[in-house]
2 protein chains.
Amino acid sequence: MPLNTIQKGDCAEIMRSLPKGSVDMIFADPPYNLQLGGELHRPDNSKVDACDDHWDQFSSLKTYDDFTREWLSAARDLLTDDGSIWVIGSYHNIFRLGTILQDLGFWVLNDIVWRKANPMPNFRGRRFTNAHETLIWAAKSEKSKYRFNYDAMKALNEDVQMRSDWFLPLCTGGERLKDDNGEKAHPTQKPEALLYRVLMASTLPGDTVLDPFFGTGTTGAVAKKMKRNWIGIDREDSYIKAATKRIAETKAEIDNDLLQTVSKREEQRIPFGWLIERGLLKPGAVLTDPKHEHTAKVGADGNLITDTADGGQQRGSIHRMGAAAQGAPSCNGWTYWHYRDGKNYQPIDNLRQKLRTELAKRPDTTGTEARTLQ
Amino acid sequence: MPLNTIQKGDCAEIMRSLPKGSVDMIFADPPYNLQLGGELHRPDNSKVDACDDHWDQFSSLKTYDDFTREWLSAARDLLTDDGSIWVIGSYHNIFRLGTILQDLGFWVLNDIVWRKANPMPNFRGRRFTNAHETLIWAAKSEKSKYRFNYDAMKALNEDVQMRSDWFLPLCTGGERLKDDNGEKAHPTQKPEALLYRVLMASTLPGDTVLDPFFGTGTTGAVAKKMKRNWIGIDREDSYIKAATKRIAETKAEIDNDLLQTVSKREEQRIPFGWLIERGLLKPGAVLTDPKHEHTAKVGADGNLITDTADGGQQRGSIHRMGAAAQGAPSCNGWTYWHYRDGKNYQPIDNLRQKLRTELAKRPDTTGTEARTLQ
DNA sequence: ATCACCAGTGAATCGGATG
DNA sequence: CCATCCGATTCACTGGTGA
């Protein structure tokens with residue numbers, strides 16, 4: 001795999017030449033097929049520098065669809081089974097992209113709206129200001145165990161779930177690459193903040209990220225900063241030259257420990273029985289629910305024991321017995337059951353956390369056991 | 001023309017029976033083809049009342065496409081040459097709708113994002129909160145002299161061009177129609193404010209507006225208020241009954257309350273993570289408290305990271321880590337934590353203020369940032 | 001009259017490991 | 001392939017009740 005390099009050529013062809021199932025995530029910013037008419041002027045009569053490059057011209061919708069199906073199909077084969085893809089577009093092409101993604105078997109996870117902080121106004125006053133672009137995030141298939149760093153996204157948003165509408169400025173000012181004449185090097189350079197969020201959401205450090213329409217290499221630059229491996233593909237020498245220089249000047253600046261995000265789901269599993277084995281809870285201890293409406297006794301084997309209405313007993317895991325007490329389909333026993341700590345009641349999750357901290361300090365003695373029991 | 005009545009039956013069939021070129025605008029809220037799996041429960045174990053009605057079930061994407069092509073084709077013939085159509089959908093169906101619209105010769109004018117003020121969260125934490133729906137506004141053809149009430153839209157928006165992202169609350173409370181059992185009469189009733197803006201943008205009083213998926217008749221009720229003629233089509237007796245009653249009780253008067261967009265909040269919320277995404281702070285930057293007694297490092301996800309006495313690490317939001325450092329129950333992390341600016345230390349609140357000023361320069365007037373600029 | 005608290009709810013493609 | 005079990009997971013808003 002040609003990691004951390006730019007390949008020159010047709011992206012479908014090059015993707016077909018790489019080993020199948022070898023890429024964790026693909027970010028694609030394909031031609032939008034804008035179909036612009038004549039020139040557009042601002043109210044002050046200055047001319048709008050539109051995207052009229054040859055690579056954005058297609059003779060018909062069918063030509064665009066064929067082109068799209070070709071590269072998306074190659075992209076799908078390149079992804080690992082649990083990989084995912086991001087594509088970005090506007091109303092000119094996003095419906096074609098979305099339809100073909102679905103037809104090829106991709107499973108759409110979200111459509112994301114990039115709300116532009118500073119869009120170009122509609123100078124003619126004939127439509128609404130086109131103030132957003134759309135990203136589609138899709139897994140390779142319905143069965144994929146795609147990666148989503150939920151906790152990182154929540155943390156980025158001050159502990160509130162990240163929504164499907166993102167408000168970010170355009171790429172302007174110093175971030176915008178210029179060519180030797182001081183003109184913008186690429187007509188549609190995307191802001192790094194957009195890629196930062198995409199990479200943070202759906203990849204891990206060390207993952208391989210491919211961008212088939214690399215342009216000025218925003219994906220590569222952000223991937224390098226965030227210690228993801230990247231592969232870029234483009235057909236234009238001028239873009240490859242600009243991207244190469246840009247990425248060479250970019251440092252992998254973020255430390256490993258800073259790149260880590262914690263997810264409860266990925267923490268070490270602690271069976272309830274370990275609390276008893278290690279004396280954090282004694283057999284016979286009485287647990288209650290938060291409202292003190294139900295009680296259960298701790299059995300020596302890690303089961304809980306409750307008395308039933310008919311004078312019998314019931315036993316089961318902390319989760320099963322919590323669900324039964326509430327008449328609910330499921331229950332997180334760790335947060336439901338509380339133990340007595342002096343005059344207060346604490347969730348048994350506190351004991352789990354305590355044990356987890358201890359185990360982390362002594363990885364040599366307990367690590368193997370913990371790992372094998374996971 | 002059966003103006004201001006509801007027709008019962010298949011919408012494509014009924015549209016074919018009406019005179020061609022006789023309708024000025026069509027608003028369509030077709031089935032979304034959600035393809036839901038099993039049941040979904042909230043964290044409190046209550047069940048989500050999903051949209052699982054028979055009319056939303058299609059056996060395949062092809063079946064859905066055939067259905068869509070059929071009614072959109074009939075709709076196109078029904079429009080005047082200068083007429084336009086609005087369709088609404090989610091990522092499940094909007095790409096199919098958009099592709100078929102384009103294939104039939106409709107000319108897309110805008111895609112509009114309805115950002116929901118109060119969407120349902122993602123309960124499992126597996127994706128981004130699906131916080132918007134998409135509307136497509138299209139003219140009958142590229143040559144259409146479609147109607148767009150530019151000045152009305154600008155006036156609605158405090159004299160700034162209306163953007164393509166609209167921030168509106170869901171239809172809840174008193175506006176939501178209930179059946180005889182007190183249950184919601186329709187699973188997906190749209191808010192009147194949404195229809196108000198659509199009608200205000202693209203029709204004139206006296207115009208004829210048709211809704212082929214009439215449901216509880218929101219389109220008819222708002223059209224009546226705004227003195228547009230309306231035609232509704234639906235297949236379900238229960239919806240027709242509810243819509244008939246609703247429109248009979250609606251008066252043909254323009255309700256000024258509807259004119260208002262959701263009021264702006266005083267200040268927009270800036271998550272700490274935005275400073276990192278936008279490069280105002282780098283991951284790894286060291287923050288200190290005003291007395292330089294505590295330090296914390298900035299994580300890539302917007303959490304702060306501190307070293308604990310026992311050699312471990314702790315992470316959390318700026319507020320939580322500020323509280324922990326002081327042993328206080330709460331803390332305003334924005335004023336507590338300081339970053340190094342040359343030789344001086346400045347509260348990170350300065351960076352927030354800087355970003356806020358930048359954002360304020362480009363006010364998102366359409367819609368109120370509320371808590372969710374995102 | 002006001003406030004605090006609780007319950008309910010909205011177009012939702014909402015697990016993963018183990019046996 | 002399927003069954004079983006563990007255990008992680010929610011935001012904004014409305015309306016009712018009781019102090």
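Within every chain, numbering begins at 1; the chains are lettered A, B, ... in the order of the sequence lines, protein sequences first and strands thereafter.
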Asker: May I ask you to check if Arg115(A) and Trp166(A) form a cation-pi contact, with NZ or CZ under 6.0 angstrom from the six-membered ring centre and within 45° of the axis?
Answerer: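 No, Arg115(A) does not sit over the ring of Trp166(A).
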Asker: Of Gly125(B) and Cys171(B), whose nearest nucleotide on DNA chain C comes first from the 5' end?
Answerer: Cys171(B)
Asker: Look at the aromatic rings of Phe148(A) and Trp137(A) and report parallel, tilted or perpendicular, splitting at 30° and 60°.
Answerer: tilted
Asker: Any salt bridge between Arg352(A) and Glu358(A), counting N to O under 4.0 Å?
Answerer: no
Asker: Which is more 5' along DNA chain D, the nucleotide nearest Tyr150(A) or the one nearest Cys331(A)? Just name the residue.
Answerer: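 Comparing both residues, the 5'-ward one is Cys331(A).
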Asker: Going by modelled atom types, is there a donor-acceptor pair between the base of dG7(D) and the side chain of Arg352(A) at under 3.5 Å?
Answerer: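 Under the 3.5 Å cut-off, the side chain and the base do not form any donor-acceptor pair.
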Asker: Phe58(B) pairs by side-chain contact (heavy atoms from CB on, under 4.5 Å) with which of Asn93(B), Asp65(B), Thr63(B)?
Answerer: Thr63(B)
Asker: Can you check the distance between dA17(C) and dT9(D), where both ends of the measurement are the P atom (answer in whole Å)?
Answerer: 15 Å
Asker: Would you please confirm or rule out a distance under 4.0 Å between OP1 or OP2 of dA12(C) and any side-chain N or O of Arg127(B)?
Answerer: no
Asker: side-chain hydrogen bond (donor to acceptor under 3.5 Å, both in side chains), that's the test. Do Ser46(B) and Asp44(B) meet it? Break it down for me.
Answerer: CA-CA 6 Å; Ser46(B) 65; Asp44(B) 67 2; 2.8 Å; yes
Asker: Tell me what Ser90(B) touches on the nucleic acid: a base, only sugar-phosphate, or nothing, going by heavy atoms under 4.0 Å.
Answerer: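 No contact.
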Asker: Ignoring backbone atoms, establish whether Arg126(B) has a side-chain N or O less than 4.0 Å from OP1 or OP2 of dG16(C).
Answerer: yes
Asker: Give a yes/no answer on whether the side chain of Lys184(B) brings an N or O atom under 4.0 Å of OP1 or OP2 in dG10(C).
Answerer: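 Indeed, a polar side-chain atom of Lys184(B) lies that close.
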Asker: Under 4.0 Å: is that the gap between some side-chain N or O of Arg320(A) and OP1 or OP2 of dC5(D)?
Answerer: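 So the side-chain polar atoms of Arg320(A) do come within 4.0 Å of the phosphate oxygens OP1 or OP2 of dC5(D), strictly under.
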Asker: So, is the end of the Arg96(A) side chain (NZ or CZ) under 6.0 Å from the ring centre of Phe95(B) and within 45° of the ring's axis?
Answerer: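 That pair does not qualify as a cation-pi contact.
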Asker: Asp44(B) has an atom CG; how far is it from atom P of dC11(D), in whole Å?
Answerer: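 So the CG-P distance, Asp44(B) to dC11(D), works out to 13 Å.
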Asker: For Lys291(A) and Asp29(B), take the nucleotide of DNA chain C holding the closest heavy atom to each; which residue's nucleotide lies nearer the 5' end?
Answerer: Lys291(A)
Asker: Indicate, with a heavy-atom threshold strictly under 4.0 Å, whether Gly333(A) touches base, sugar-phosphate, or nothing.
Answerer: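 Gly333(A): no heavy atom of the nucleic acid under 4.0 Å.
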Asker: To the nearest angstrom, how far is Glu183(B) atom CD from dT9(C) atom P?
Answerer: 8 Å
Asker: Going by modelled atom types, is there a donor-acceptor pair between the base of dT10(D) and the side chain of Arg124(B) at under 3.5 Å?
Answerer: no
Asker: Pick base, sugar-phosphate or nothing for Arg42(B), based on heavy-atom distances below 4.0 Å to the nucleic acid.
Answerer: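 The residue Arg42(B) makes base contact.
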Asker: Regarding Thr335(A), tell me which of base, sugar-phosphate or nothing describes its non-hydrogen contacts under 4.0 Å with the strands shown.
Answerer: nothing
Asker: May I ask you to check whether Phe123(B) and His41(B) place their ring centers less than 6.0 Å from one another?
Answerer: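 Ring centres of His41(B) and Phe123(B) not closer than 6.0 Å.
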Asker: With a cut-off of 6.0 Å (strictly less than), are more than 12 heavy atoms of other residues, nucleotides or ligands near CZ of Arg235(B)?
Answerer: no
Asker: Any idea which of dG16(C), dA11(C), dT9(D) is nearest the Pro43(B) side chain?
Answerer: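 Among dG16(C), dA11(C), dT9(D), the one nearest the side chain of Pro43(B) is dT9(D).
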Asker: Given that both pair distances must be under 3.5 Å and the pair must be Watson-Crick or G-U, what runs of three or more consecutive pairs involve DNA chain D?
Answerer: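 Stem segments, range with range: C:2-10 with D:11-19, C:15-19 with D:2-6.
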Asker: Let me spell it out: for each of Ile270(A) and Gln161(A), pick the nucleotide of DNA chain D with the closest heavy atom. Which residue's pick is nearer the 5' end?
Answerer: Ile270(A)
Asker: Determine the contact category for Glu133(B): base if any of its heavy atoms lies under 4.0 Å from a base atom, sugar-phosphate if only primed atoms, P, OP1 or OP2 are that close, otherwise nothing.
Answerer: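 If one applies the 4.0 Å heavy-atom cut-off, Glu133(B) turns out to touch a base.
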Asker: Under 4.0 angstrom, heavy atoms only, what part of the nucleic acid is Asp349(A) near: base, sugar-phosphate, or nothing?
Answerer: nothing
Asker: As a test of the definition: with a 90° window around 0 for syn, would you call dT10(D) syn or anti?
Answerer: anti
Asker: Base, sugar-phosphate, or nothing for Lys154(A), non-hydrogen atoms under 4.0 angstrom?
Answerer: sugar-phosphate
Asker: Between Ser317(A) and dC6(D), is there a side-chain N or O to OP1/OP2 distance below 4.0 Å?
Answerer: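 Answer yes for this pair, as a side-chain N or O of Ser317(A) is under 4.0 Å from OP1 or OP2.
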Asker: Please report the interatomic distance CE(Met153(A)) to CE(Met200(A)), rounded to the nearest 0.5 Å.
Answerer: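 Rounded to the nearest 0.5 Å, the CE-CE separation comes out at 6.0 Å.
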Asker: Give a yes/no on whether any side-chain N or O of Asn130(B) is located under 4.0 angstrom from OP1 or OP2 of dT13(C).
Answerer: yes
Asker: Any chance the rings of His292(A) and Tyr345(A) have centres within less than 6.0 Å?
Answerer: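 Ring-ring flag for His292(A)/Tyr345(A): true, centres closer than 6.0 Å.
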Asker: Using the C1' atom as the reference point in each nucleotide, state the distance between dT13(C) and dA12(D) in Å, no decimals.
Answerer: 23 Å
Asker: Using a 4.0 Å heavy-atom cut-off, does Gly38(B) contact any base of the nucleic acid, only the sugar-phosphate backbone, or nothing at all?
Answerer: base
Asker: Under 3.5 Å, is there any donor-acceptor pair linking the side chain of Ser46(B) to the base of dA7(C)?
Answerer: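 Counting by modelled atom types and ignoring angles, no donor-acceptor contact under 3.5 Å is found here.
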Asker: For Phe123(B) and dC14(C), say yes or no: do the ring centres fall under 5.5 Å of each other while the ring planes differ by less than 30°?
Answerer: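 Ring-base stacking flag not set for Phe123(B) and dC14(C).
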Asker: dA8(D), OP1 or OP2 - any side-chain N/O from Asn332(A) closer than 4.0 Å?
Answerer: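 Looking at the OP1 and OP2 atoms of dA8(D), one of them is under 4.0 Å from a side-chain N or O of Asn332(A).
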Asker: Taking OP1 and OP2 of dG7(D), is either one under 4.0 Å from a side-chain nitrogen or oxygen of His319(A)?
Answerer: yes
Asker: Which is true for Pro191(B) with a 4.0 Å heavy-atom rule: it touches a base, it touches only sugar-phosphate, or it touches nothing?
Answerer: nothing
